[in-house]
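If you're wondering where the values come from, they're calculated on a predicted model, not measured in any experiment. Scope of the values below: all heavy atoms of this structure, side chains included, with no hydrogens, waters or symmetry mates.
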Amino acid sequence: MKSLLGVALEDVTKCFSNSANSKVIAKKSMFLIHGDGDMGQAYLGPAILHELESLPSYSIDLPTLLSDASSRSAEESLTRQVTECCSHAPAILYWPHIDLWWDTASESLKTCILMLLDDIPESSKIAVIAVSDCKFEILPNDLKRAFDQKLTRQHPLTRPGMSQRQSFFRQLIAEAQTPPEMKTVPVCVTGRGSVSTVDELSNNIEKGDDKEKSNQKEETLKKQECNALDEEDELILCKLRMFLRNVVERLMKYFKDFVYPVDDPDYRRIIQMPICLVDIRDKINNSVYKTVGQFLTDIDLLVSNAKEYYLPDKFVGRNIINKACHLQDSTFSMTCQFPKGLSVKCDEIQARRELVKAKKSRSNDDVELTDRMSPEAEPQPQEVQTAATEEDAAKSSPSAIGSTENGAAVKESTEEPEQSILGEKEVIEAKSDKLVSDMKIENDLQPPTVEQKSESSDTQEDVTLILNVQEMEDVCEFAAKRTVDSPLKELEHTYLTMLMDIRGFSDSWDRSELPRTLRKSLTV
């Protein structure tokens, strides 16, 4: 969607950028994004919050206000959100679907939001970003007065132009040019072969080069898939960080006894793993938490530390323990508002990353094991045996026993045994070196027992992708022309339909019929 909404996204986010390319809010700012029908408001709002991730954001949409279990009414929840936003300035107050919000809200809720927005001082560093699913002219008069054109930066959304739609659909060409994955099957080789001619050596070298090229292509494709997956994972983890940051900011406001570490020299001696809300907030900013469960584990640790340190037989201790339990229950109630779908995806991301770490550590252990088991690093048993026999011979020789009595006699008696031992040692070392060199030659000449061969290599060595790129560009231009008056959801549906048709040819090298298939699906 970046090719369709990139201009509007850049127009809004550049208002928050300074000379150092950091996101700042200088004073109270009002932004209104409006457009007729489906112009991408559902995509643009979350994209803006993602770009301004460094700033805390507070949403006042109706589902958030009505589902707040810690508030008795929507008006109380709205007042709390706006108050917390002002107390943590610079911050963003996000108000999506203001036209539906206004039609559904009660009169007291409407009056409350208008008064709260009016009471925000002009010097406060608060940015109000409102998104409307209709044009500004159709909005009620009360909302028009709240978003006065003189004080509000309005960003009207229009339908994507021809060039934007063409660049949107041309992304499919890169997907169509992706070669199919090389499926490999193990082929067992039972005999032992030897390279005897220069031609066979050159053939093996060429095959090795082809395998290296195919392996490089597979690695690049895997890297591209991993990068796309990492971007999606980071977007999900970004939503988790924004949610947890709001939870911690609320806890720091109402439970001030647990904001900073306990200033007591005996605390470190009694508590082995101290933690406070500031430490938890730092962990959120450092992307330590990958799941909600990890966040709740540290909250439980904070509560258990309070129960362990403070004595329950005193009033002060009982009061702080009661506040800790209240903090624990409030945290659990607030984290239940996190979408279950995103929570499941976070758990999958954490499990996948732990599996990757385990595979890396296992591969490192295998490399170390092979280095230890290599014949060059491992001493030869014959050399060890020779050294042992030399030591035994030196200890048991009569020259060693009588060395303390007569030095001259020892020298005369040991000349011949030493020469014989040295001669045997040289012979054994020569034999062991020859044995090692023979083993290396056999390992170099011996073919692998299991060889990975591609299914397509049996028929042809060099396989090329058959695809007419010019026809694909014509199809993309045809799709852009057919979606002139279409909303963004219909554009997305058309894009996904063409993408599914392209993936239907993902296992084939011959994609000459792909443009015709795409054109046929567009005309249906």
Side-chain angles (χ1 to χ4, degrees), residues 1-11 35-44 47 156-183 213-214 216-232 235 454-457 459-524:
M1 287 292 176
K2 191 173 182 179
S3 56
L4 299 177
L5 300 173
V7 177
L9 178 63
E10 186 178 358
D11 289 342
D36 189 11
D38 181 22
M39 293 294 178
Q41 292 93 327
Y43 304 99
L44 188 58
L157 298 178
T158 58
R159 297 191 184 276
M162 186 66 179
S163 60
Q164 291 177 314
R165 294 196 305 275
Q166 284 179 352
S167 61
F168 177 65
F169 286 110
R170 277 175 183 166
Q171 299 174 7
L172 295 169
I173 298 178
E175 183 72 22
Q177 290 177 333
T178 304
E181 295 181 358
M182 301 294 292
K183 296 181 179 180
K213 291 180 181 178
S214 62
Q216 289 177 358
K217 290 181 180 179
E218 290 179 2
E219 288 178 359
T220 53
L221 290 175
K222 287 180 181 179
K223 287 181 181 179
Q224 292 176 357
E225 292 177 358
C226 292
N227 291 335
L229 188 62
D230 290 340
E231 290 179 359
E232 184 179 358
L235 181 61
S454 62
E455 293 179 349
S456 59
S457 64
T459 57
Q460 52 184 359
E461 295 182 357
D462 297 330
V463 182
T464 57
L465 188 67
I466 302 174
L467 178 65
N468 194 330
V469 180
Q470 184 60 41
E471 290 184 1
M472 286 295 299
E473 291 181 354
D474 294 340
V475 170
C476 293
E477 187 175 357
F478 178 69
K481 289 180 179 179
R482 284 187 63 88
T483 55
V484 174
D485 298 326
S486 301
L488 254 70
K489 286 187 178 179
E490 189 172 342
L491 280 171
E492 184 183 15
H493 176 72
T494 305
Y495 181 89
L496 292 176
T497 303
M498 296 174 67
L499 182 61
M500 294 304 294
D501 292 337
I502 291 172
R503 290 183 176 175
F505 287 82
S506 60
D507 295 333
S508 174
W509 288 94
D510 186 5
R511 300 179 185 175
S512 56
E513 295 294 327
L514 178 58
R516 191 177 303 172
T517 304
L518 293 175
R519 191 178 289 271
K520 184 178 179 181
S521 63
L522 289 172
T523 54
V524 173

When rounded to the nearest 0.5 Å, the distance separating CD of Glu471 from CG of Leu518 is 10.5 Å
Donor on one side chain, acceptor on other, Ser521 and Asp501, under 3.5 Å: yes
Applying side chain to side chain contact (heavy atoms under 4.5 Å, CB included) to Ile173 and Cys476, what does each step give before you reach the verdict? CA-CA 8 Å; Ile173 298 178; Cys476 293; 3.9 Å; yes
Say whether, by atom type as modelled, one donor and one acceptor occur between the side chain of Ser506 and the main chain of Ile502 under 3.5 angstrom. no
Glu477 meets the salt bridge (charged side-chain N to carboxylate O under 4.0 Å, His left out) criterion, sequence neighbours left out, with Lys481
Can you see which heavy atom on Phe505 is nearest to which on Thr517, and at what distance? CZ-OG1, 3.8 Å
Sequence neighbours excluded, which residues qualify as side-chain hydrogen bond (donor to acceptor under 3.5 Å, both in side chains) partners of Glu175? none
List for me each residue that meets side-chain hydrogen bond (donor to acceptor under 3.5 Å, both in side chains) alongside Gln177, sequence neighbours excluded, and say none if there are none. none
Closest approach of Pro179 and Arg511, non-hydrogen atoms and distance? C-NH2, 4.1 Å
Between Ser508 and Asp510, is any side-chain donor less than 3.5 angstrom from a side-chain acceptor? no
Min side-chain heavy-atom separation Val475-Met498 under 4.5 Å: yes
Show the nearest heavy-atom pair for residues Ala176 and Leu467, with the distance to one decimal. O-CD2, 3.7 Å
Mind checking whether Thr494 and Phe169 have side chains closer than 4.5 Å, heavy atoms only? yes
Can you name the nearest heavy-atom pair linking Tyr495 to Phe168, along with the distance? CE1-O, 3.5 Å
